[in-house]
Amino acid sequence: MESLGNKTFAFPTFLLTGFPGLESAHAWISIPFCCLYAFAILGNSMILFVIITQQSLHEPMYYFLSMLSATDLSLTVTTMPTTLTVLWFNAREISLERCLIQLFFLHGFVGMESGVLTAMAFDRYVAICNPLRYNTILTNSRIIQLVIIVTIRIVLIMITILGLLKRLSFCKANILSHSYCYHPDIIKLACSDTRFNSIAGLIGLLLTTGIDTPSIVVSYILIIRSVLSIASPEERHKAFSTCVSHIGAVAIFYIPFTSLSLVHRYGHSAPKVLHSMMANIYLILPPVLNPIIYSVKTKQIRKAILSLLTKT
């Protein structure tokens, strides 16, 4: 419902934003984005395919990698339609219902990726610090339990956040800052009291990255301590080399995530095009680079992909 007298809208239509000031170049900008989206979809699909079809890759480490690829693939599919329609057709309108659905999956898959990266850090910790018990600790049932816990955590958080968002009224300018729906962006447009929304968002952040980031750091502190106790330099190098891919995945996820959060909070004077660029990099970089990192740095994945390509 809407009231024209006080311009308060319960179910508003928002306007997505591409790259402010570069609207005339949107068609050209869409070309690299199409390439990146295609690469992300093909790369993660190939990782998933080789892990599913290759019996030798049915191990905990590769189960977690398949979850990471599935999450990256889902995240790409979530943001690709609105981004490309804005760049191709300048189709900027999106209803509140569609916006909330996209927001649920976008933030949900970001939270899932954070949880999967934490599970992968635990996997590396067990593999290096307690290798003799690796298969008894990371059983299939325990892996399923981890996935269920991560999924339930993010679903409960997102249901709470969406429930609070639906209570808001909007009477300000309805122009969003990005080509997709982003929780802090929507809150800024509300004319209702958003204190509970901000608190829920902060609690959600603490329950995801606030738990996951320290867990990853602690895991690597224990890994480094264990590896440094190894006498042989060759064995140290071998142990550290098994963590390189995961460290790269953590870096390309958390660095853009932290940068975007800082820009949103403190970069009000920064050009709007910078906000848009960072927001898109934050979501497209991990899905594009993760398949490359794991294909190059993980011998078993590389061999499986090469075997698949030579057969075809």
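Checked by atom type and distance alone, the side chain of T17 pairs as donor or acceptor with a backbone atom of L176 at under 3.5 Å. When atom types are taken as modelled, the side chain of Y182 and the backbone of S177 share no donor-acceptor pair closer than 3.5 angstrom. One N or O on the side chain of N44 and one on the backbone of A40 form a donor-acceptor pair closer than 3.5 Å. Within the 3.5 Å criterion, the main-chain N or O of A119 finds no donor-acceptor partner in the side chain of D123.
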Quick one, L16 with Y180, criterion side-chain contact (heavy atoms from CB on, under 4.5 Å). Give me CA distance, side-chain angles, the key distance, then yes/no. CA-CA 7 Å; L16 300 169; Y180 54 82; 5.5 Å; no
Please lay out, stage by stage, how I47 and L73 fare under the test side-chain contact (heavy atoms from CB on, under 4.5 Å). CA-CA 10 Å; I47 294 286; L73 189 61; over 6 Å; no
Taking it one step at a time, do S232 and E234 satisfy side-chain hydrogen bond (donor to acceptor under 3.5 Å, both in side chains)? CA-CA 5 Å; S232 169; E234 291 79 12; 2.9 Å; yes
Test side-chain hydrogen bond (donor to acceptor under 3.5 Å, both in side chains) on Q54 and Y62; report intermediate values, then the result. CA-CA 11 Å; Q54 297 292 321; Y62 303 109; over 6 Å; no
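When the shell of 6.0 Å around CZ of R302 is examined, it contains more than 12 heavy atoms from other residues, nucleotides or ligands. Sparse packing is recorded around CD of E93, with 12 or fewer heavy atoms of other residues, nucleotides or ligands lying under 6.0 Å away. Other residues, nucleotides and ligands contribute over 12 non-hydrogen atoms within 6.0 Å of the NE2 atom of H58.
Pairs passing the ring pair (Phe, Tyr, Trp, His ring centres under 6.0 Å) check and including a residue from residues 184-222, sequence neighbours excluded, read Y220-H246. Listed by first and then second residue, the ring pair (Phe, Tyr, Trp, His ring centres under 6.0 Å) pairs that reach into residues 33-57 are F19-F33, sequence neighbours excluded.
By the 4.5 Å heavy-atom criterion applied to side chains, I128 and C243 are counted as neighbours. The shortest distance between side-chain heavy atoms of I51 and I301 falls below 4.5 Å. Between M80 and I41, some side-chain heavy-atom pair lies under the 4.5 Å cut-off.
When each of R92, R98, E97 is paired with I94, the side-chain contact (heavy atoms from CB on, under 4.5 Å) condition holds for R98 and for no other.
Using a 4.5 Å cut-off between side-chain heavy atoms of Ile, Leu, Val, Met, Phe, Trp and Tyr, I31 falls into a hydrophobic cluster with W28.
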